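Beneath this line is the structure, given in structure tokens, with notes to follow.
We name chains A, B, ... by the order of the sequence lines, and we start the count at 1 in each one. All figures in this text were calculated on a predicted structure; none of them were measured in a lab.
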Number of protein chains: 2
Amino acid sequence: MDIATLRKSHPDHWKKATAIRSLTLDAVAAANSGHSGMPMGMADVATVLFENHLKFDASAPRWEDRDRFILSAGHGSMLIYSLLHLTGYKDVTLDQIKNFRQWGAITAGHPEYGHVSGVETTTGPLGQGIANAVGFAMAEEIQRARFGKKIVDHFTYVIAGDGCLMEGISHEAIGLAGRHQLGKLILFWDNNDITIDGKVSLSDCTNQVQRFKASGWHVQEIDGHDPEQIDAAIAKAKTTKKPSMIACKTHIALGHAAQDTSKGHGALTDADQLKAAKEAYGAPIGDFQVEDDVKAAWEAMGAKGAAARAEWEARFASISERKQAEFNRAYALDVPKKLGGVVRALKRQVAEGKPTVATRKSSEMVLEVINPVMPETVGGSADLTGSNNTKTGDLGVFDVDNRKGRYIYWGIREHGMAAAMNGMVLHGGMRPYGGTFFCFTDYARPAMRLASLMKIPTVFVMTHDSIGVGEDGPTHQPVEHLAICRATPNSYTFRPADTVETAEAWELALASKETPSTLVLTRQNLPTVRTEYKQKNLSAQGAYVLADAEAGKRQVILIATGSEVSLAMDARATLEAQGIGTRVVSMPCMELFAQQDEAYRRKVLPPGPVRVGVEAAVRDGGWDRWLLGERGREAKAAFVGMESFGASAPAGVLFEKFGITAENVVEKAKDLLG
Amino acid sequence: MDIATLRKSHPDHWKKATAIRSLTLDAVAAANSGHSGMPMGMADVATVLFENHLKFDASAPRWEDRDRFILSAGHGSMLIYSLLHLTGYKDVTLDQIKNFRQWGAITAGHPEYGHVSGVETTTGPLGQGIANAVGFAMAEEIQRARFGKKIVDHFTYVIAGDGCLMEGISHEAIGLAGRHQLGKLILFWDNNDITIDGKVSLSDCTNQVQRFKASGWHVQEIDGHDPEQIDAAIAKAKTTKKPSMIACKTHIALGHAAQDTSKGHGALTDADQLKAAKEAYGAPIGDFQVEDDVKAAWEAMGAKGAAARAEWEARFASISERKQAEFNRAYALDVPKKLGGVVRALKRQVAEGKPTVATRKSSEMVLEVINPVMPETVGGSADLTGSNNTKTGDLGVFDVDNRKGRYIYWGIREHGMAAAMNGMVLHGGMRPYGGTFFCFTDYARPAMRLASLMKIPTVFVMTHDSIGVGEDGPTHQPVEHLAICRATPNSYTFRPADTVETAEAWELALASKETPSTLVLTRQNLPTVRTEYKQKNLSAQGAYVLADAEAGKRQVILIATGSEVSLAMDARATLEAQGIGTRVVSMPCMELFAQQDEAYRRKVLPPGPVRVGVEAAVRDGGWDRWLLGERGREAKAAFVGMESFGASAPAGVLFEKFGITAENVVEKAKDLLG
């Protein structure tokens, strides 16, 4: 549908959509950067969605039963900022629009969760939003089953571009949505034929309609500028039991000289062309100008949902107080009161029983006591359930005919799993955790980074954490992955030494509200090193003294994590037998240790004694700070770890061959003592 | 087709396929680990392929025009080891089969490139092999166009499992192959309905046939145990102009008690069940036993290709000596003689002209002189051509009707691009480089790791390397990615400071034969810091003294990389003006600096002066070793960099707000001096 026809046939709609286009053009021009074309192309779809379908209340952005609207094509951020500003979200003022992409503004270059009240997830890295949306839709299904349709009953809408659909993660997300018949997930494909490099056909010839159908989706094809077609398609999509894809044929940068070109994808800043576009729209020419009646119409959309929200609140008040409290607790990311007790009981039990088990098995033991008292947990694995030990008896399996199931067979989709888990956390009311081999954090990495950036407490359960993997060889043996996790801001990397520390790590991961956690667990069995029961969560300080030298005799400090803590204890026994006073520091979480005050850090790592770090990974993983002190000159130090990739052989042989042994630690310490 | 029918109808075929199954069962049982079921399921397909179609000569595993055979489902490594042993590859002795997965054996848990002569690529991380295969097939097309069909004319076969097809990377690979009509790429899907967690239907309901068709593939569906159907399908696939997918319905662990179950996916070690399976096959019961006539038949297959190879060698001898030399040079990964000259000429020119340009632009300037003299380079970008500056004038665009084109529009497929580039290098004769934003190394990471592990010199061109990205914000601003790259064994991370260092980095990246390189380049303009022409490649030593204090007056050493080198020079000017003797060390490649002898390292970083490192990234990126010395106690030190994610604002504002300024460096240095 061309502009002239649209203006004539749907004048009211046209004006509203024009407001988005004008604000976008002005904001991008003012910032002299950004992406104009996408919001201009999808303005009609967004207008119809917000006007006729989206359940929301601009005065209550966090209303739990709102429909979710996700802009997977995050570079088109001015689309969402325009919508939120126009409909009256209080934080998205005109000043914020004018300060698009400037220091201190909440209107960042790409929509960022936590900055803007109406932004459901951070997007920009393409494809992530689609996979987040799958998590939102799963969360909705699970909670609807748990709390009932009168409390949880909403749609998840997502706008995706050609880039999103080319990224591999889209395949994983689409497959999951199809498999689980996520009927309340509705995806709009901004089918504009344009990418940054030129026509889509330069790089892709995929028949997206066929592709989505092949994965079990309901598909419609429409003119993405025709309000009636858009409306009818959304109405239809809401009724299907399958996830819905609506292929919206659009013109990128509609009405601008750069329409339908890759130039139109970027920042359109030419003043004359901008004016000409506004003239073609019949829009006011002034900067950031929206006619009063148009703004009023948008604000009415923003206010319309208040009634539905009031009804919802009445319904919510009608359920039992216990249920209300549970619902609110989960949305507040508070742990249940019982959590501390069950964790401590397990700690006491294992300190007494001293089991020799792999920490992946320890993790299962912990989950067996946590999952029953924490109904918002949802477990899963990327097709390694038996290896990751993520499934406990009580969870049930999430499926089309069992929406209450709390275990998800994610399939061989590490990336999609991680991003969908992020979506669940963002939805609210859920505490998902998911497993794969630690080496395959590589596949999940873009979503793991976004969890850190968004400040959400997703939990990644990463087993098979070193050459301890053994025969599977270097493709499956992480050596640099601890370094990767620890180098990422706002993340906790827990590498527990035994079942006690694993229980403490889980407690901390679930108590965290703003930081994602990676639990790094062994394949191989480990002895219990925390053989004395302590009520206190010692891992909360990141590192602590596990065993010490006699007063005044300390010459050596051994610092170790995970599977190497027991090895350090063995080395200590040898050194002490030779009269060399030795402290062992267990350091399950470097990031938490870094957050302690200096007094505590110096108490654990006093200057003077030589230090040997030991970890079956590369030294780059944050070690030097603890070995050498941040300003240097603190101690003589050495490190026992990996300097290369691993190899394929039984695990015991590998530790021997790569020199990660108590003998080597002893030798290094004595060498430093001279 | 069931075993009884097969044995009766195709007795010769059956015995050959049985040899694979028996060796697999015995090797996995001996190792007490591994994956039995996949080789047992795909033995019939592999046997027909090797017997009737695959062009290979077991006595010349690196024959350049062999068909390539890639096992994307790498956990089924005993399939390829069995095939190579049976057909007579000299390195794959029976002893190697017996030592499957043991220390020192070449028969690693997953097939590793460089260990076994007939293994074309390292697989195991699922989906990689499919994307590698796309690169192989592209390389074949490009070289066929360049050298002619009589020199280059072969197929690329790949076996993929359900896991490979669920991974997102498969979507990117399939899309690329379809778009470019890679007709000589033939993929077998081991359609056995089983994953580790259970039935495929637990996690996926994708109609793979429809899916591949949607991406432009030719698809056939066959019984994967019927030799006639297999043979006919391969014959047909070889004639189509589209890439071919052959869906092979198979039984995992055929003939074993665990057939068609997820148990059959893993290690089948029960002695009685093993014996029962061999009895069902009618195979010899003894360990590692293959009947002489069966082994002879396999060896005949391995020898059959010698004639074709001799013919090829005659054809090769018939082309011009210049062409032969060029072909051999490229396959040897030798750079052309002219390379050094053009790089030096550019260095001289920019040292004189002192351009202020972004290093991504510097990179383009370098490529403009390299590409014309190095015809084996193939450039590309994941839909950021204009931003990555990867396209030079002479390359031409690779397309269906221009196979000579040396530039590839990869689309929004960072992961697929990286893995396909690996495939091109592995194919031989090609030096691919490809670009995206440095932040999106996250997407490409699994393939980048494999390049390091495989010891192949793929070149990743990563632009927009810090908060210098500016307004796009933290989703697009790397802070931890230098740490990630540097923590990965066997990789070069070049962060050049100006055009001269960029030229040197390119020269080193292309001279490298066993190490992949990541070129980390700025979006923003930088002044030329190497204003004096030096013929020598100073970056080759990883770090060098760019500017020094007067003899005897050195109190401070500033160490910087990339965009922060000019900032360090500014800080030096201030310090020197205040009478504080200051050295600036430019450190474009930490990994190369680490490879220098200690004498050189101490010459560049002598103990004594205080040290300030400056890099717009986290300190964890390998800094402490250079700031503090490996054993500590070397110097007082500080670091100016990032401690959090970035933000959305103009780049200049961000450097100011995050304190990455010359003033801050000066202050830190003076603070250390006390």
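Between the CZ atom in B:R179 and the OG atom in A:S201 there is a gap of 6.5 Å [rounded to 0.5 Å]. In this structure, B:L176 CG and A:M166 CE are separated by 9.0 Å, a value rounded to the nearest 0.5 Å. Summarising the geometry, atom OG1 belonging to A:T475 is positioned 7.0 Å from atom CG belonging to B:L453; distances are rounded to the nearest 0.5 Å. Note that CD1 of A:I408 is 12.5 Å distant from CG of B:L202, once rounded to the nearest 0.5 Å. Here the CD1 atom belonging to A:I412 is positioned 5.5 Å from the OG atom belonging to B:S203, to the nearest 0.5 angstrom.
Contacts of A:L450 with chain B are made by side-chain atoms alone, with heavy-atom separations under 4.5 Å and no backbone atom involved. Using a 4.5 Å cut-off between heavy atoms, B:K391 makes no contact with chain A at all. Only the side chain of B:H481 has a heavy atom closer than 4.5 Å to any heavy atom of chain A. If you measure heavy-atom distances from B:C164 to chain A, you find no contacts under 4.5 Å at all. With a 4.5 Å cut-off on non-hydrogen atoms, B:F645 touches chain A through its backbone and its side chain both. For a residue to count as touching a neighbouring chain, one of its non-hydrogen atoms must lie under 4.5 Å from one of that chain's; by this rule B:S262 does not touch chain A. Both the backbone and the side chain of B:W103 come within contact range of chain A, with heavy atoms under 4.5 Å apart. Of the two parts of B:H110, the backbone and the side chain both hold a non-hydrogen atom closer than 4.5 Å to a non-hydrogen atom of chain A. Using a 4.5 Å cut-off between heavy atoms, B:Q477 contacts chain A through its backbone alone, with no side-chain atom that close. With a 4.5 angstrom heavy-atom cutoff, B:T385 touches chain A via backbone and side-chain atoms both. Interface residue B:S170: only side-chain heavy atoms are found under 4.5 Å from chain A. Looking at A:S644, the atoms closer than 4.5 Å to chain B (heavy atoms on both sides) all sit in the backbone: N, CA, C or O. No part of B:Q208 comes within reach of chain A, as not one of its non-hydrogen atoms sits under 4.5 angstrom from that chain. With a 4.5 angstrom heavy-atom cutoff, A:P111 does not touch chain B via any of its atoms. Contacts of B:H35 with chain A are made by side-chain atoms alone, with heavy-atom separations under 4.5 Å and no backbone atom involved. Residue B:L482 does not touch chain A at all, counting heavy-atom pairs closer than 4.5 Å. When heavy atoms are compared at a cutoff of 4.5 Å, A:V618 approaches chain B solely by way of its side chain, counted from C-beta outward. For B:V653, the part sitting under 4.5 Å from any heavy atom of chain A is the side chain, from C-beta outward, and nothing else.
The two residues A:T206 and B:S215 have their closest heavy-atom pair at OG1-OG, 3.6 Å. Residue A:A31 comes nearest to B:E471 through the heavy atom pair O-OE2, 4.3 Å, listed as atom of the first residue, atom of the second, then distance. Between B:A487 and A:A483, the closest heavy-atom pair is CB-CB, 3.7 Å.
The number of heavy atoms from other shown groups lying within 6.0 Å of NZ (A:K263) is above 12.
One finds a salt bridge joining A:R449 and B:E480 here, because a Lys/Arg side-chain nitrogen approaches an Asp/Glu carboxylate oxygen to under 4.0 Å. Between B:R625 and A:D620 no salt bridge is recorded (no basic side-chain N to carboxylate O distance below 4.0 Å). For B:R101 and A:D472, the salt-bridge test passes: some basic side-chain N is under 4.0 Å from an acidic carboxylate O. A salt bridge links A:R445 to B:D442: one of the charged nitrogens lies within less than 4.0 Å of a carboxylate oxygen.
Counting only distance, with no hydrogens or angles, the side chain of B:D624 and the backbone of A:D624 share no donor-acceptor pair below 3.5 Å. Formation of a donor-acceptor pair under 3.5 Å by the B:S648 side chain with backbone atoms of A:G109 is found in this model. Checking side-chain atoms of A:Y443 against main-chain N and O of B:L126 turns up a donor-acceptor pair under 3.5 Å.
The residue among A:G622, A:P474, A:A647 with the most heavy atom pairs within less than 4.5 Å of chain B is A:P474. For the set A:H476, A:M448, A:Q102, A:R486, the count of heavy-atom pairs under 4.5 angstrom toward chain B peaks at A:H476. When A:I484, A:N99, A:N490 are compared by the number of non-hydrogen pairs under 4.5 Å with chain B, A:I484 comes out ahead. Among the candidates A:G386, A:G198, A:A105, A:C205, the residue making the largest number of heavy-atom pairs closer than 4.5 Å to chain B is A:C205. Counting heavy-atom pairs closer than 4.5 Å to chain B, the top residue among A:A444, A:P125, A:G178 is A:P125.
Looking at residues two or more places apart in sequence or on another chain, you find a ring pair (Phe, Tyr, Trp, His ring centres under 6.0 Å) between A:Y407 and A:Y409.
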**Request:** Carefully, step by step, assess B:H171 and A:E167 under the rule side chain to side chain contact (heavy atoms under 4.5 Å, CB included).
**Result:** CA-CA 8 Å; B:H171 172 63; A:E167 290 286 2; over 6 Å; no

